[in-house]
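Comments concern the structure below.
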Number of protein chains: 2
Amino acid sequence: MSHRRVETPFGSVEKALGGSATFGALSASHFSSPQVVAVVGEDFTDDHFAVLRKRDIDTGGIERVAGKTFHWKGRYHQNMQDRDTLATDLNVFEHFDPKVPGAFRSAPCVFLGNIDPTIQLKVLDQMEKPRFVGMDTMNFWIESALEDLKMVLKRVDVVFINDEEATQLSGERQVLNAAEKILELGPKYVVVKRGEFGSLLFGHDVCLFVPAVLLSKVVDPTGAGDSFAGGFLGAVAHAGQIDRATLAQGMVYGTVMASFAVEKFSVDGLLGHDRATIDLRREFLQSMTTYS
Amino acid sequence: MSHRRVETPFGSVEKALGGSATFGALSASHFSSPQVVAVVGEDFTDDHFAVLRKRDIDTGGIERVAGKTFHWKGRYHQNMQDRDTLATDLNVFEHFDPKVPGAFRSAPCVFLGNIDPTIQLKVLDQMEKPRFVGMDTMNFWIESALEDLKMVLKRVDVVFINDEEATQLSGERQVLNAAEKILELGPKYVVVKRGEFGSLLFGHDVCLFVPAVLLSKVVDPTGAGDSFAGGFLGAVAHAGQIDRATLAQGMVYGTVMASFAVEKFSVDGLLGHDRATIDLRREFLQSMTTYS
């Protein structure tokens with residue numbers, strides 16, 4: 001969970017509700033019933049909790065402690081892809097020791113949001129044989145905590161990563177080679193996110209591509225990646241088995257939810273869409289890539 | 001037609017056979033029987049003609065005149081997308097007055113390669129009601145010959161353009177908005193080429209996306225765009241009617257031929273592949289984007 005100050009060419013918001021867990025859970029809530037494990041400060045209000053609960057998200061694993069919520073301040077460039085981090089205040093994240101409630105430990109599907117890999121491992125250690133685990137990471141951890149990160153990679157089914165991070169982690173420039181190198185580190189699947197250029201899923205016997213939804217305006221790219229992961233894992237959690245079709249649905253729903261997320265500031269894009277609106281975008285993506 | 005000196009991070013070639021007409025015709029020759037109208041200098045050898053004739057390309061419209069063939073010298077950056085033009089010598093292009101042989105004038109399908117739009121118009125004026133016309137252009141003509149370019153745009157079925165050129169021509173940053181603005185200029189379809197990120201086709205009632213073929217090594221990106229256009233128009237010329245399925249086949253075969261072109265220096269990637277190899281890549285593209 002985090003509070004953010006975001007500036008984009010279309011305006012800015014203060015104290016926006018944000019964070020991997022928030023975007024991920026709100027996105028997944030359209031497909032399954034997420035339970036959140038996170039830490040927030042005293043400035044995380046009842047209104048913030050209400051946004052999550054309204055979407056039937058179990059907030060029983062959100063710990064509220066003394067201090068301020070994690071705060072990120074950034075400014076997006078005109079292309080809405082590049083961004084400058086203006087400030088990162090760990091605040092309550094600094095001593096976060098995640099405790100997974102007993103009722104959450106048998107969850108079949110787990111998303112490890114972008115955080116210190118040692119914290120990701122602590123969460124994973126408390127889970128009882130989840131069927132499917134996804135993880136996110138970022139350049140900061142690749143640079144500063146590579147060995148810990150590799151321990152997490154060995155234990156997950158899918159890693160969500162962007163183009164630059166894939167190159168950084170693998171030393172390979174071509175996405176095909178980068179994905180192969182990352183698969184050697186342990187995950188069953190690698191999803192490479194490329195913003196407006198879509199996303200790719202690589203596995204040892206599967207390769208999928210989903211284009212981004214074409215938008216006439218992108219307002220706030222923050223949270224696109226977490227919304228993607230939430231939609232992906234929500235769809236996978238909802239499905240009966242992990243096969244090619246399930247992974248493809250994950251990719252498509254992840255893409256659709258990311259497209260909703262970037263159309264409005266903060267998490268607003270993830271609220272107010274029903275399943276019919278979501279499925280309209282899914283159908284359009286499939287029609288764009290049907291060649292016969 | 002042109003002679004090129006190309007440097008890429010993988011090496012360099014002198015006097016490579018190149019040019020829109022060469023790449024376009026060699027690519028199209030896998031699907032139909034291209035006829036070429038072009039001008040070359042005395043340095044364009046019989047061996048160069050032989051490469052084209054071996055692929056059953058009609059070279060009856062290639063004029064050989066005194067002087068040197070058009071020469072381009074460039075250097076590609078490490079990412080194989082950005083390039084610096086080191087030299088452009090128009091040579092025989094400077095006074096090119098294209099004459100379309102009588103036997104060529106009833107061709108149903110025409111590709112106007114990247115050249116001065118007034119020359120594109122001169123070719124088009126000599127054609128007898130072609131069923132489908134495609135054109136290429138580049139930043140240089142958008143800057144220096146916009147009004148002439150707009151006259152060509154009004155008269156073609158499809159314009160092939162890259163992301164940057166689409167933004168430059170339309171003033172729009174988002175590809176969806178750029179394509180809409182360009183459609184207003186007259187062409188029935190706009191194909192936006194995005195290199196390793198695939199390509200999009202926009203029409204008033206159709207929208208298609210084809211991902212790029214995933215390659216572990218790109219040796220020479222020169223000619224990718226012309227190979228795309230050649231494959232696209234070759235497939236369209238071969239098809240019976242212009243409908244969604246035909247356009248989709250054009251996009252897919254264009255993508256496949258561009259992928260072969262960039263795997264080797266000069267035109268070598270366009271030679272030596274039979275239809276079965278081509279169709280293997282086509283099938284892979286379709287499988288990557290099949291979600292059920």
Side-chain angles (χ1 to χ4, degrees), chain A residues 9 77-81 163-164 167 172-181 192 194-202 205-218 235 243-253 255-256 259 262 282-292, chain B residues 9 77-81 163-164 167 172-181 192 194-202 205-218 235 243-253 255-256 259 262 282-292:
Chain A
H77 299 196
Q78 190 67 46
N79 69 5
M80 293 302 241
Q81 302 247 56
D163 250 333
E164 280 171 34
T167 294
E172 295 283 345
R173 199 171 286 272
Q174 295 290 112
V175 68
L176 181 63
N177 306 339
E180 278 172 7
K181 284 271 175 75
V192 181
R194 310 177 114 183
E196 65 166 317
F197 300 117
S199 57
L200 285 152
L201 178 143
F202 296 91
D205 56 357
V206 60
C207 180
L208 292 164
F209 178 87
V210 178
V213 175
L214 296 164
L215 299 173
S216 56
K217 194 170 176 179
V218 171
D243 55 16
R244 188 184 184 287
T246 297
L247 296 168
Q249 288 305 302
M251 289 287 285
V252 171
Y253 282 124
T255 299
V256 170
S259 76
V262 303
R282 173 180 66 78
E283 284 158 26
F284 191 73
L285 287 174
Q286 181 68 81
S287 82
M288 277 175 73
T289 51
T290 298
Y291 310 137
S292 50
Chain B
H77 298 197
Q78 190 67 45
N79 68 7
M80 295 302 244
Q81 302 247 56
D163 249 333
E164 281 171 34
T167 294
E172 295 284 344
R173 198 172 286 272
Q174 296 289 115
V175 68
L176 182 64
N177 306 338
E180 279 173 6
K181 284 272 175 74
V192 181
R194 309 176 113 182
E196 67 165 318
F197 299 117
S199 58
L200 285 152
L201 178 144
F202 296 91
D205 55 358
V206 60
C207 181
L208 291 164
F209 178 87
V210 178
V213 174
L214 296 164
L215 299 172
S216 55
K217 193 170 178 180
V218 172
D243 55 16
R244 189 186 183 287
T246 297
L247 295 168
Q249 288 306 303
M251 290 287 284
V252 171
Y253 282 124
T255 300
V256 170
S259 76
V262 303
R282 174 181 65 77
E283 284 159 26
F284 191 74
L285 287 174
Q286 181 68 82
S287 82
M288 275 175 73
T289 53
T290 298
Y291 309 137
S292 50

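Since we're looking at a predicted model, the values are computed, not measured. Labels below follow one simple rule: chain letters A, B, ... track the order of the sequence lines, proteins then strands, and each chain is numbered from 1.
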Picking from A/A248, A/S292, A/S216, A/S287, which has the most non-hydrogen pairs under 4.5 angstrom with chain B?
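Greatest number of close heavy-atom pairs with chain B: A/S216.
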Please identify, among A/T290, A/T289, A/V206, the residue contributing the most non-hydrogen atom pairs under 4.5 Å to chain B.
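Looking at each of A/T290, A/T289, A/V206 in turn, A/T289 comes out on top.
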For B/E164, does the CD atom have more than 12 heavy-atom neighbours from other residues, nucleotides or ligands under 6.0 Å away?
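Atom CD in B/E164 is not crowded, with 12 or fewer foreign heavy atoms closer than 6.0 Å.
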List the steps and the verdict of side chain to side chain contact (heavy atoms under 4.5 Å, CB included) for A/V213 and A/F284.
CA-CA 8 Å; A/V213 175; A/F284 191 73; 5.9 Å; no
Which residues satisfy the side chain to side chain contact (heavy atoms under 4.5 Å, CB included) test with B/D163, sequence neighbours excluded?
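For B/D163 the side chain to side chain contact (heavy atoms under 4.5 Å, CB included) partners, ignoring immediate neighbours, are A/F197, B/V175, B/V192, B/R194.
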Select one option (side chain, backbone, both, neither) describing which atoms of [X] are under 4.5 Å from chain A's heavy atoms.
X      : answer
B/R244 : side chain
B/V252 : side chain
B/L200 : side chain

Excluding sequence neighbours, so at least two apart, what forms side-chain hydrogen bond (donor to acceptor under 3.5 Å, both in side chains) with B/Q249?
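side-chain hydrogen bond (donor to acceptor under 3.5 Å, both in side chains) check on B/Q249 returns nothing, list empty.
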Do A/F202 and A/E180 have side chains that approach each other closer than 4.5 Å (heavy atoms only, starting at C-beta)?
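A/F202 does not reach A/E180 side chain to side chain.
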